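Structure first, then comments.
Quantities reported herein were computed from a predicted structural model and do not represent experimental measurements. For reference, positions follow the sequence shown, starting with 1.
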Amino acid sequence: MAGFGSLAPKTKNFVVAGGLSAFVLGVYYYTMRAVGGTDELQVAIDKFEDMKKKDAGNSSTAGS
């Protein structure tokens, strides 16, 4: 870190921006791996929609 002070201001900005970008991408990658590939809310919505379709199909045949 001793050589960091002798860099030009624009270069320092690029170094800091690169470090922050790497940190943010690392946190994003870690979070996505921890959460997993499945979206639990979307799975629950899909199940609910399937149940609603089955109930609608059963009630329409029972009413006829």
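- Within the model, atoms CD of Gln42 and CD of Glu49 stand 9.0 Å from one another, a figure rounded to the nearest 0.5 Å.
- Looking at Thr11, its side chain never comes within 3.5 Å of a backbone N or O of Leu7 through a donor-acceptor pair.
- Note: Ile45 CD1 to Lys52 NZ = 10.5 Å, rounded to the nearest 0.5 Å.
- The hydrophobic clustering, which links ILVMFWY residues whose side-chain heavy atoms are closer than 4.5 Å, places Leu20 and Val15 together.
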